Amino acid sequence: MSREPLRLGVELDAAGRHPAAWRLPGARPAELFTAAHWRRLGALVERADLDLLVVPDSFRLGSSDERDQRGRLDAVAIAAHLAPLTRRVGLVPVVTTTHTEPFHTNKAVATLDFTSLGRAGWQVEVSTTAEEADTFGRTGTAPPEELWREAADTVEVVRRLWDSWEDDAVVRDVASGRFVDRDKLHYVDFEGERFFVRGPSITPRSPQGQPLVVVPVRDEHSLAVAAAHADVARIEAGDERTAAETADRLRTLAGRELTVLLDVEVLLRGTATEALDVAGRLDELSPGAAPRSVRHLGTPATLAAALAELPDGLDGAVLAPLDLPATLELVVSGVVPALTRPPVAGSTLRERFGLPRPTSRYARTGGLR
């Protein structure tokens with residue numbers, strides 16, 4: 001069935017999600033770590049008026065195979081670079097909660113919200129490998145349940161820090177020489193299993209107040225965090241029906257409405273045969289690259305038809321092109337025009353998703369003492 005509006009985002013990862021995509025014609029491998037590469041991709045997404053542009057990130061070098069694409073730029077820095085170059089699309093960098101201080105996450109995402117004029121989001125992620133732990137001098141890694149509990153604590157403390165300045169805390173009163181109203185800055189006094197944060201933030205309350213929080217759902221632990229904390233959930237599943245069932249469980253556990261998107265890995269060409277041939281070539285070059293979610297290999301028309309028939313409970317999709325820029329260009333030129341997506345009102349990302357701008361939870365409670 002069709003969705004009005006059908007939510008549609010895209011995740012862009014250098015040459016594409018497939019680790020061998022850099023070896024395809026047109027991939028421009030020499031430019032993958034340049035600002036110009038990301039500006040070209042950002043311009044395509046902006047032209048299509050997509051809801052989200054997600055920039056993945058991790059603390060891993062990547063595949064152990066030296067023939068695969070390895071290394072990446074910082075996701076928040078990429079989003080910040082694209083902020084003044086775009087006007088509509090939501091910018092959502094991945095920031096892992098493992099090995100990252102919540103205070104730094106709060107400051108980085110709030111700053112992105114300022115530079116994008118209210119279009120910032122944050123996708124929560126955890127680091128699960130010993131390789132990542134070794135990078136930070138840690139011994140081993142915690143089990144997924146513990147990592148996602150830490151992620152839940154991080155989201156909670158970051159949200160508190162975003163609220164720690166009331167909206168009118170900055171007064172800039174030249175006559176009295178007072179820049180901020182001390183009574184409108186607040187300690188958050190958070191204590192969890194892994195950290196204690198007193199606050200307040202050093203960044204004033206951003207345009208959205210609370211930037212959009214996106215949580216991937218791939219197991220029971222991440223599902224619980226999404227139910228408790230997400231504004232938008234990204235479901236990884238092997239098929240659409242399983243994803244719809246997970247969406248139902250998620251909303252039941254949350255006890256509230258939230259936007260649920262299906263992750264779809266995509267590779268598009270002018271014909272389905274050509275798309276299958278290219279995908280087969282990629283798998284020959286890097287045979288260990290298994291799908292992480294639903295995969296669609298076909299044409300713009302077949303993908304548009306599949307998106308229009310998503311099951312109830314799925315509000316749309318985040319497309320993860322296996323190769324760039326070829327697949328993204330076809331999404332923009334062929335898929336988006338075929339979908340029924342009425343213009344979205346509002347200039348902020350929260351407005352785009354129909355979410356109100358919340359007031360600070362600390363308003364009227366008295367400031368720093």
Side-chain angles (χ1 to χ4, degrees), residues 55 74-93 95 97 100-124 152-192 194-214 229-232 344-369:
V55 185
D74 181 81
V76 175
I78 291 170
H81 178 70
L82 295 177
L85 305 176
T86 54
R87 296 178 55 250
R88 296 272 298 163
V89 65
L91 301 172
V92 184
V95 183
T97 59
T100 305
E101 292 291 339
F103 196 90
H104 295 159
T105 300
N106 133 72
K107 184 172 179 284
V109 178
T111 299
L112 178 62
D113 205 38
F114 277 105
T115 60
S116 66
L117 302 179
R119 292 181 290 115
W122 163 36
Q123 179 168 312
V124 180
D153 281 354
T154 299
V155 177
E156 174 61 23
V157 72
V158 167
R159 284 194 182 276
R160 292 190 193 187
L161 287 166
W162 285 339
D163 279 348
S164 64
W165 291 53
E166 295 184 40
D167 289 320
D168 55 353
V170 180
V171 295
R172 302 186 187 92
D173 188 338
V174 175
S176 67
R178 193 172 60 141
F179 190 84
V180 299
D181 183 343
R182 183 180 176 85
D183 289 338
K184 295 187 177 182
L185 272 61
H186 303 272
Y187 294 123
V188 302
D189 290 331
F190 180 90
E191 186 170 0
R194 294 287 188 97
F195 48 80
F196 170 78
V197 178
R198 191 177 191 202
S201 176
I202 63 171
T203 306
R205 199 152 196 260
S206 71
Q208 294 184 101
Q210 291 276 329
L212 206 73
V213 174
V214 180
H229 297 285
D231 298 308
V232 174
V344 180
S347 59
T348 73
L349 188 52
R350 292 188 69 88
E351 289 171 339
R352 193 177 184 101
F353 277 80
L355 296 172
R357 186 184 188 280
T359 58
S360 167
R361 72 190 71 191
Y362 301 108
R364 299 180 301 280
T365 62
L368 301 180
R369 293 290 184 264

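Just so you know, these numbers come straight off a predicted model, no measurement behind them.
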So, [X] side chain and [Y] main chain: donor-acceptor pair closer than 3.5 Å or not?
{"X": "Trp165", "Y": "Lys184", "answer": "no"}
{"X": "Gln208", "Y": "Asp113", "answer": "no"}
{"X": "Arg88", "Y": "Val344", "answer": "yes"}
{"X": "Arg119", "Y": "Ala83", "answer": "yes"}
{"X": "Arg160", "Y": "Arg361", "answer": "no"}

Stepwise side chain to side chain contact (heavy atoms under 4.5 Å, CB included) check, Tyr187 with Tyr362
CA-CA 9 Å; Tyr187 294 123; Tyr362 301 108; over 6 Å; no
Side chain proximity check, [X] to [Y], heavy atoms < 4.5 angstrom:
{"X": "Asp231", "Y": "Arg350", "value": "yes"}
{"X": "Pro211", "Y": "Leu112", "value": "no"}
{"X": "Phe353", "Y": "Leu212", "value": "yes"}

Go through the steps for Val213 and Arg159 under the test side chain to side chain contact (heavy atoms under 4.5 Å, CB included), then give the verdict.
CA-CA 9 Å; Val213 174; Arg159 284 194 182 276; 3.2 Å; yes
Between [atom1] on residue [X] and [atom2] on residue [Y], distance to nearest 0.5 Å:
{"X": "Asp173", "Y": "Arg178", "atom1": "CG", "atom2": "CZ", "result": "6.5 Å"}
{"X": "Leu349", "Y": "Gln210", "atom1": "CG", "atom2": "CD", "result": "13.0 Å"}
{"X": "Leu91", "Y": "Thr86", "atom1": "CG", "atom2": "OG1", "result": "4.5 Å"}
{"X": "Thr348", "Y": "Leu355", "atom1": "OG1", "atom2": "CG", "result": "8.5 Å"}
{"X": "Asp167", "Y": "Ser206", "atom1": "CG", "atom2": "OG", "result": "9.0 Å"}

Show the nearest heavy-atom pair for residues [X] and [Y], with the distance to one decimal.
{"X": "Asp153", "Y": "Gly192", "result": "OD2-CA, 3.7 Å"}
{"X": "Val170", "Y": "Arg172", "result": "CG1-CZ, 3.5 Å"}
{"X": "Thr203", "Y": "Lys107", "result": "OG1-CG, 3.3 Å"}
{"X": "Gly199", "Y": "Val188", "result": "N-CG2, 4.2 Å"}
{"X": "Val155", "Y": "His229", "result": "CG1-CB, 3.7 Å"}
{"X": "Val109", "Y": "Trp162", "result": "CG1-CZ2, 3.6 Å"}

Working note: Val76 + Trp122, criterion side chain to side chain contact (heavy atoms under 4.5 Å, CB included); need CA distance, chi angles, decisive distance, verdict.
CA-CA 9 Å; Val76 175; Trp122 163 36; over 6 Å; no
Residues in ring pair (Phe, Tyr, Trp, His ring centres under 6.0 Å) contact with Phe179, at least two apart in sequence or another chain
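Here no residue qualifies.
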Going through the distances and angles, do Val124 and Thr97 end up as a side chain to side chain contact (heavy atoms under 4.5 Å, CB included)?
CA-CA 7 Å; Val124 180; Thr97 59; 3.7 Å; yes
